[in-house]
There are 2 protein chains.
Amino acid sequence: MSKRDLILSTALELFNQKGTAEISTNHIAEACSISPGNLYYHFRNKAAIIQALFEQLYAAWDIELSLPSDHTPQLSDLTSIVATNYHIIWRYRFAYRELVALLRQDSALHASFLSTRQRGFSGFQQLVEQFIAAGIMWPIEANTLDQLMQICWLISEFWLNNLEIQQQSIEPNTINTGVSLMLRVLQPYII
Amino acid sequence: MSKRDLILSTALELFNQKGTAEISTNHIAEACSISPGNLYYHFRNKAAIIQALFEQLYAAWDIELSLPSDHTPQLSDLTSIVATNYHIIWRYRFAYRELVALLRQDSALHASFLSTRQRGFSGFQQLVEQFIAAGIMWPIEANTLDQLMQICWLISEFWLNNLEIQQQSIEPNTINTGVSLMLRVLQPYII
DNA sequence: GTCTATATAATGATAGAC
DNA sequence: GTCTATCATTATATAGAC
């Protein structure tokens, strides 16, 4: 592993444990067993480390959430995508715990997050439209469909935060409850 | 206004602007035009200020969300309660922006938040049960009902965060979109 | 209650040797 | 690339005078 990757994986672990505000560049360097000066050779500053971790998050979405394009979509695709998404968010949970605060502090980060998020939402839209075309779901009026997808998206982005607020452990069991909620939203429209 | 209240309202404004991590006790004292020492006479530390602001938040919920008990519930009660709740959350928006991080750092705060939140959720449960009893909503199987209420609760807690992530301004128009989402969830079960 | 002054520690970040 | 040394700044918090 390159030193850069060591710094990033160490920072990710510490941020997930204690939050970005509590972890200083000195903490990260010490946990990597390198000097603070060395850390600053690899990263301009602390914000650059956070930005690089967000880039890893975007890459994880691109890699792990892509569906084979020659594939007739099934409802089970939705549940597996959502479950995979929860695992990615959990891996970068510091980001979602502090999301609004982090984005407000760094407008470049906000821009990159928004454009990545928009791509994801478009993919989700296409999937649901494929469900309708395949006769898995009833045709739905455009406004209603948009609302349903917004609700599903909200659940997918905040379900883990919701579990943490309730001090519930994050495990397959509790994660699947989040998947069930999304299906509950769509259920009246499923054939 | 007492000095204690001045400190709290000033801290609230600064926390809402910049986040709790960026605002020090010195910043708060300076904005109040008092000395740091004086601030520490009124509050043990910064965490105590945050705790006191959460107490104000709890009080706002108790005062502004209580319904007259001799009143037959209507669906419009739900929308007005939800809209009022959004206004309260917006007033204490720093708390919801950083909620998971703040609760993880302070177990006493976490406990008080959870018990207040539980009371709120119970009140919401009762309201929906009254809707069913009054023939406004169909009888719903217990598990389904619980899921629907969890979804509504998730929307109510995270809608403003969702708006901020999307860089949408918080105004009656966008707030009402959140109310509509909740009604969209319940719509298939409304008579 | 309020202030000044200060202790102590940590922060982000850089310069320059190797 | 990596280190040591160090900078200026800031943070929380307290002591003691008024």
Side-chain angles (χ1 to χ4, degrees), chain A residues 1-56 94-95 97-98 101-110, chain B residues 1-56 94-95 97-98 101-110:
Chain A
M1 178 156 45
S2 74
K3 196 119 290 182
R4 184 189 149 90
D5 289 341
L6 172 65
I7 293 169
L8 287 178
S9 65
T10 305
L12 175 60
E13 195 173 336
L14 293 175
F15 288 163
N16 280 342
Q17 277 172 29
K18 306 251 192 182
T20 57
E22 280 63 34
I23 298 299
S24 69
T25 51
N26 285 358
H27 290 134
I28 299 168
E30 191 183 358
C32 291
S33 304
I34 64 172
S35 66
N38 194 356
L39 182 145
Y40 277 91
Y41 172 80
H42 290 283
F43 291 95
R44 197 163 61 265
N45 53 31
K46 189 171 152 183
I49 297 176
I50 293 173
Q51 281 161 18
L53 288 172
F54 269 76
E55 295 294 331
Q56 288 188 351
F94 83 93
R97 283 178 183 149
E98 313 174 26
L102 290 174
L103 297 185
R104 278 171 50 87
Q105 280 163 31
D106 185 336
S107 63
L109 189 71
H110 204 153
Chain B
M1 179 156 46
S2 74
K3 196 119 292 183
R4 185 189 147 89
D5 289 342
L6 172 66
I7 293 169
L8 288 178
S9 65
T10 305
L12 175 60
E13 194 173 338
L14 293 175
F15 288 163
N16 280 343
Q17 276 172 30
K18 305 251 191 183
T20 57
E22 280 63 34
I23 298 299
S24 69
T25 49
N26 283 358
H27 290 134
I28 299 168
E30 192 184 359
C32 291
S33 304
I34 64 171
S35 67
N38 193 356
L39 183 144
Y40 277 90
Y41 171 80
H42 290 283
F43 291 96
R44 198 162 61 265
N45 51 31
K46 188 170 149 182
I49 297 175
I50 293 172
Q51 282 161 16
L53 288 172
F54 269 77
E55 295 295 332
Q56 289 188 350
F94 84 93
R97 284 178 183 149
E98 312 174 25
L102 290 174
L103 298 185
R104 278 171 50 86
Q105 280 163 30
D106 186 335
S107 63
L109 189 71
H110 204 153

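Everything numeric in this text was worked out from a predicted model, so none of it was measured. The chains referred to below are lettered A, B, ... by the order of the sequence lines, with proteins before strands, and numbering in each begins at 1.
Counting heavy atoms of neighbouring residues, nucleotides and ligands inside a 6.0 Å radius, atom CD of A:E13 does not exceed 12 of them. Within a 6.0 Å radius of CD in B:E30, other residues, nucleotides and ligands contribute 12 heavy atoms or fewer. Heavy-atom neighbours of A:K46 NZ from other residues, nucleotides or ligands within 6.0 Å: above the threshold of 12.
Atom CZ in A:F43 sits about 14 Å away from atom C1' in D:dG1, given to the nearest Å. Going from atom CG of B:L39 over to atom C1' of C:dT4 covers 16 Å, rounded to whole Å.
When every heavy atom of B:I28 is checked against every heavy atom of B:I23, the shortest pair comes out as CG1-CG2, 3.6 Å.
Across A:D106, A:T20, A:N45, a single residue satisfies side chain to side chain contact (heavy atoms under 4.5 Å, CB included) together with A:I50, and that is A:T20.
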For nucleotides 4-18 of chain D, just jot down a letter per nucleotide in 5' to 3' order: B, S or -, based on protein non-hydrogen atoms under 4.0 Å.
B------SBBB----
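Residue A:K3 places at least one side-chain N or O closer than 4.0 Å to OP1 or OP2 of D:dT2. For B:Y41, no side-chain nitrogen or oxygen approaches OP1 or OP2 of C:dT2 to under 4.0 Å.
Between B:F94 and B:F54, the ring planes lie perpendicular to each other; the angle is over 60°, past the 30° to 60° tilted range.
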